[in-house]
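Chain A is the first sequence line, chain B the second, and so forth, proteins listed ahead of strands; every chain is numbered from 1. From a predicted model like this one, the values you see are computed outputs, not experimental measurements.
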Amino acid sequence: MIDTIAYGLTIGGILYIISIGLSLTFGTMRIVNFAHALVYTVGAYVLVASLSLFNGHFIAASVVAVLAVIPLAYLIERYVIRRLYGESIDYAIIATYAVLLIGVDAIKWIWGAIPIPLSDPVGKAWNILGVELPLYRIIIIALSICVFFILELFFKYTIVGKIVVAGLEDKEAVRSLGIKVDRYFSLVFVIGSCLAALGGVLYAPITTVHPYMGFQVLLLCFAVVLVGGLGSMRGTFLSAFALGMVMAVTGRFWGPAAETMVFVVMAIVLIFKPIEV
Amino acid sequence: MLLSVERINVSYGRARVLSDVSIHVNEGEMVFIVGRNGAGKTTLLKTIAGFLSPEEGTIRFGSDKVNALGPEEMALKGVRYVFQDKRVFTKLTVRENIQLAAYAAGVSLSEAVDKIVQLYPPITRFLESKAGTLSGGQRQILLLGRALIGDPCLLLIDEPTEGLAAGIIEEVFKVLEMTRRKVSMLIVEQNLAVVRRLADRVYAMKEGHIVAEVNTPEDIQNQTLLEEFL
């Protein structure tokens with residue numbers, strides 16, 4: 001059971017890191033951003049490319065992968081997302097899904113469609129109560145908790161964070177003070193995209209890197225965001241770990257139902273707590 | 001003349017909300033707008049504040065034409081909009097609410113806090129409380145104080161006493177009275193007692209039009225004249 005819990009927490013940690021950007025994008029800009037999955041996939045592919053450049057040094061390659069998505073995130077925000085402010089949510093879904101499809105084809109063109117396996121970058125295990133747990137997974141769990149606390153401190157103590165918190169609640173009121181809140185939302189978009197790339201980087205050694213990896217995780221992330229509450233940072237954190245555990249526990253007893261159960265939980269939550277868009 | 005609105009038309013989609021509206025506000029004046037719900041009062045304030053653009057007509061602030069400016073630019077020019085419904089940032093503390101206004105206006109937080117404490121000394125007790133825990137009256141005073149940071153030229157205030165108990169209205173009234181003549185104000189208000197106590201001039205609106213301008217103290221104090229428009 002300990003390995004199931006560890007697996008659930010690992011998946012939860014990765015889902016949190018990817019989902020927080022999705023949640024903030026909806027909370028600040030009221031945009032459902034399917035292109036988030038593209039940034040996640042690009043992060044994983046840049047990791048693969050950088051590993052050979054840095055002779056397999058995982059940390060250096062990860063830093064490059066996370067930073068490399070900044071120009072991509074900026075372009076998506078500047079030329080797609082920003083044009084969708086205030087438009088119907090349908091337009092955002094269609095436009096960002098189109099970006100995702102174009103991006104996936106570009107990835108196939110550049111790197112090919114064959115899945116690329118990566119080995120565990122740490123390669124060590126800890127023995128906890130007689131169960132051998134990969135140290136890499138424990139690092140992922142710790143890192144996701146660190147990301148949570150860093151974001152909490154960022155939103156609580158920096159002026160940029162306070163502007164974003166205020167903007168999440170009442171964008172018009174922030175604008176009436178003379179603050180160009182969209183600039184701060186753009187910054188949040190880029191931070192969220194970097195975290196999506198970090199999620200891709202961290203998940204790559206657990207799964208395989210392939211052009212469609214973003215599609216699979218995107219639906220899970222939407223479930224996390226909907227269960228946690230759109231734009232809620234703490235809700236996203238709790239929801240990611242709860243759904244990660246749901247996946248792991250279900251998978252232990254009935255593997256094929258692991259992901260389905262996440263959406264069953266999401267449906268139950270939406271019945272009792274419908275979202276307001 | 002500080003603000004001059006000349007024959008503006010404003011629509012939401014196909015629905016015309018303001019038609020041929022002209023008003024003005026002089027420096028130091030306290031001007032009120034009265035009218036029934038749906039008369040277009042809030043739309044007029046939002047248009048002046050830069051949230052909506054007039055299809056026709058001109059808005060001048062000082063000598064500048066400001067039709068195309070957004071709310072951020074209008075705020076930096078010294079025009080501050082105080083929303084109705086007491087819209088403070090509930091998840092931030094009172095001090096943080098003030099901090100955002102101070103940041104935008106380019107003044108220090110301590111200076112901004114001092115300014116609001118001068119207007120309403122009891123607020124010192126709530127500085128570290130979440131703004132969401134304040135009463136309606138305290139929220140309104142925080143909003144007025146926040147709008148006054150950075151010495152604006154014109155406040156656009158939407159229904160400042162709406163939904164407040166009589167005792168609290170008196171507190172809000174005191175704050176408005178203290179800032180009188182230091183800053184010009186254009187206020188939407190349904191409470192005629194407040195209007196009669198503070199107004200230099202009053203515009204009455206009906207169905208998107210200005211239907212009257214009441215500009216003598218005798219007419220403003222007239223018990224029946226303004227009530228016709230509510």
What part of B/Val88 gets within 4.5 angstrom of chain A, counting heavy atoms only: side chain, backbone, both, or neither?
backbone

So, the part of B/Leu100 with a heavy atom under 4.5 Å from chain A: the answer is both

Would you please say whether a donor-acceptor pair under 3.5 Å links the side chains of A/Ser186 and A/Glu77?
yes

What residues of residues 63-76 of chain B make heavy-atom contacts with chain A at a cutoff under 4.5 angstrom?
B/Pro71, B/Glu72, B/Glu73, B/Ala75, B/Leu76

Output yes when a side-chain donor or acceptor of A/Glu169 lies under 3.5 Å from a complementary backbone atom of B/Thr90, and no otherwise.
yes

Assert top hit (heavy-atom pairs under 4.5 Å, partner chain B, pool A/Lys180, A/Glu172, A/Lys156) equals A/Glu172

Which heavy atom in A/Tyr16 sits nearest to a heavy atom in A/Ser144, and how many Å separate them?
CE2-O, 3.6 Å

Between A/Tyr74 and A/Tyr79 (judged by ring centroids, cut-off 6.0 Å), do the two rings come close enough to count as a pair?
no

Under a 4.0 Å N-O cut-off, is there an ion pair linking A/Asp170 with A/Arg175?
no

Ring-face cation of B/Arg146 near B/Phe89 (centre distance under 6.0 Å, axis angle within 45°)
yes

Would you please classify the geometry between the A/Phe148 ring and the A/Phe237 ring as parallel, tilted or perpendicular, with 30° and 60° separating the classes?
parallel

Is B/Ala49 in contact with chain A via its backbone, its side chain, both, or neither, using a 4.5 Å heavy-atom distance?
neither

Before accepting this row, confirm whether a basic side-chain N of the pair B/Lys86/B/Asp158 lies closer than 4.0 Å to the acidic partner's carboxylate O.
no

